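Predicted model, so just to flag it, every value in this text is computed and none were measured. Chain naming here is simple, since letters A, B, ... match the order of the sequence lines and numbering starts at 1 in each.
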There are 2 protein chains.
Amino acid sequence: MTSNRPPTSVDVARAAGVSQATVSYVLNDNPNARVSEETRQRVRDAAARLGYVPDASARTLRTGRSGIVLVPLSPARTGGLVRDLLDDLGEELRPRGYTLVQYGERHLKGVPAAKVWAGLRPTAIIVEADRLTRASVDLLRASGTRTVIGFSDAPSPLVPAVVMDHESVGACAARHLAERGRRRLAAIVPREEGVDLMGVGRLRGVRQVAPDAERIDLAFTEEAARAVATRHDLPDGIFAYNDEYALLLMSALQDAGVRVPEDVAIVGADDLLLASLVRPRLTSVHFDTTATPAGMAAYIDELVRGDRTAEPGSVISIYGPRLIVRSSS
Amino acid sequence: MTSNRPPTSVDVARAAGVSQATVSYVLNDNPNARVSEETRQRVRDAAARLGYVPDASARTLRTGRSGIVLVPLSPARTGGLVRDLLDDLGEELRPRGYTLVQYGERHLKGVPAAKVWAGLRPTAIIVEADRLTRASVDLLRASGTRTVIGFSDAPSPLVPAVVMDHESVGACAARHLAERGRRRLAAIVPREEGVDLMGVGRLRGVRQVAPDAERIDLAFTEEAARAVATRHDLPDGIFAYNDEYALLLMSALQDAGVRVPEDVAIVGADDLLLASLVRPRLTSVHFDTTATPAGMAAYIDELVRGDRTAEPGSVISIYGPRLIVRSSS
DNA sequence: TTGTAGGCGTTATCAC
DNA sequence: GTGATAACGCCTACAA
């Protein structure tokens, strides 16, 4: 039983015959310490040989920076789009030395959420802008968070934000339905907590075009969809929040003998692959993004390293809507 | 500019007029230190007033335990089933004081993955059993990881494992197709790295029933699906790995003028809501689980706290297949 | 019942 | 160029 405690930098130093500080210098390429190339090699070799990995918490404690990019997302199904975006962003951040931590939280006893976030000493945090206050932003900043980025449907007065223009999505969908002659419009608003806000934003957009559009709250279950589909006063055009809800609704309507799109036209959003796989194909509002995940990763990196600053109220990346027409709906 | 460094336990101690140690005792309910109820109150009040949050890294460094349950999942789309499972598990673990960290990793320069995992000093880790060796398990154990749990399609000799019996899934699907008179079977194996292993397992199961079953490798894109669908020598029964691939394939077949299920019958798996929303409805192999996320969370907790031990080779939870017949496929 | 002190592994400021 | 040494914030014997 070789009680292999993981090797520390002291072990590496001993193995390389140098002091522990030298190890730290070499492994971090610290510029203000001049170390001979030969020594560097010895240190690197020793580290490799022992399989040395720096202890993340010790480094965090010492530096006050964790390399964690925290994304405390409301756990509810945020929809495929955000999920994919975050997955990609995480991939892009890793090679830059950051770790994207997705941290779904629901109840937080009584502790203000920002306190909990701060406890993790994240280097950066991306969070729904509505959950931020001036106080929480200050707390985060004070606790070493270099970059606070909001996620919202409009620029935030507190922080730079990634803006997804949900209103325009709704408006875009409604315009399409209206142009097709649909007069009695409705918009689905998900009942799921955390998504409902985006749903309301999209509804607002629909009502810009069709002020009388009905609001239909819908939980993501077949029963709930059936209840809607069997109403006797169905609208003739429905914006279904996104493609997943659109499919759910379409299925229920088909079961109820309602013809889609003849009787009720449906428009989804997010342009998931899903939308083009079902029959009839789903018309969907696609988000064009002005920044790729790679671009966002680079941007965050610059912000953290101080190579760039972003004012509160500024917009990092706008996700704008564009219509993808698929079926005849 | 109140350069509010976040309050430390020393600050709390000062505010409460006690020593720092007492703060630690009170806040952690340390049983072998007797502290008067009055002092406890003073400490708690001070902590609340200052908005004290323990520094996660300092605690981790000191105790050697992070409360992190690490899930270094291959990033490829693991499919909705695993994803949902992990989401739920995370919810269940949080109130128990653990943080489930999903950590998608792809390239890890040359560093052995286990070294990187160990660097985070996770309290527990759930990882595909194939990625574990005796050495990596030892390393993790030595670095303070209390619980290593495998994720596999068969019991692992190294660690207790959550077992999803992929072979049975394939066999179950194949049996269904054979009973419906399908003679020329095929099984889809995803090209996506990380999922392919499960795909191969499921294929094995299909071949238990139909030894001649063809293996079709398929990437999750419409082009790839089209290529398969336009073959002139299509099988008459296809097990599509899971519901998502099934839908992808079905769409392509419909585009190619192939009737589903008359010409080609398709069976999916995982019983996603999706499967019952599309037309024709997808027959799917459902996983019955003998343990709920809540149960797994409790189990992990017991393992970590030492209230329970699990031998290598033991099975934590079996996910077994059951057929859900939906359409006439 | 409470306080003192040592150390977890790292980085960074100094002398040498 | 390199090596002691002092924090970072917390937990926990042990002393008082």
| request: Report the distance from atom CZ of A/R42 to atom C1' of D/dG3, rounded to the nearest whole Å. | output: 14 Å
| Less than 4.0 Å between a side-chain N and a carboxylate O, is that true for A/D11 and A/R14? | yes
| said: Taking B/P72's backbone N and O only, do any of them form a donor-acceptor pair with B/R131's side chain (distance below 3.5 Å, no angle check)? | reply: yes
| task | Would you confirm whether B/R146, through its side chain, and B/T123, through its main-chain N or O, come within 3.5 Å as a donor-acceptor pair? | result | no
| query | Does a salt bridge link A/D301 with A/R305, judged by any charged N lying under 4.0 Å from a carboxylate O? | reply | yes
| remark: B/R65 atom CZ is separated from D/dC10 atom P, nearest whole Å, by 18 Å
| OP1 or OP2 of D/dT2 less than 4.0 angstrom from a side-chain nitrogen or oxygen of A/T22, does that happen here? | no
| Cationic N near anionic O, under 4.0 Å, B/R59 to B/D55 | no
| task | Output the distance between atom CZ (B/R121) and atom CD1 (B/I68), rounded to the nearest 0.5 Å. | result | 11.5 Å
| request: State whether B/S36 places a side-chain N or O below 4.0 Å from either non-bridging phosphate oxygen (OP1 or OP2) of C/dT1. | output: no
| task | Sugar-phosphate means primed atoms, P, OP1 and OP2; the rest is base. With that split, encode nucleotides 9-16 of chain C 5' to 3' as B, S or - using protein heavy atoms under 4.0 Å. | result | BBBBBB--
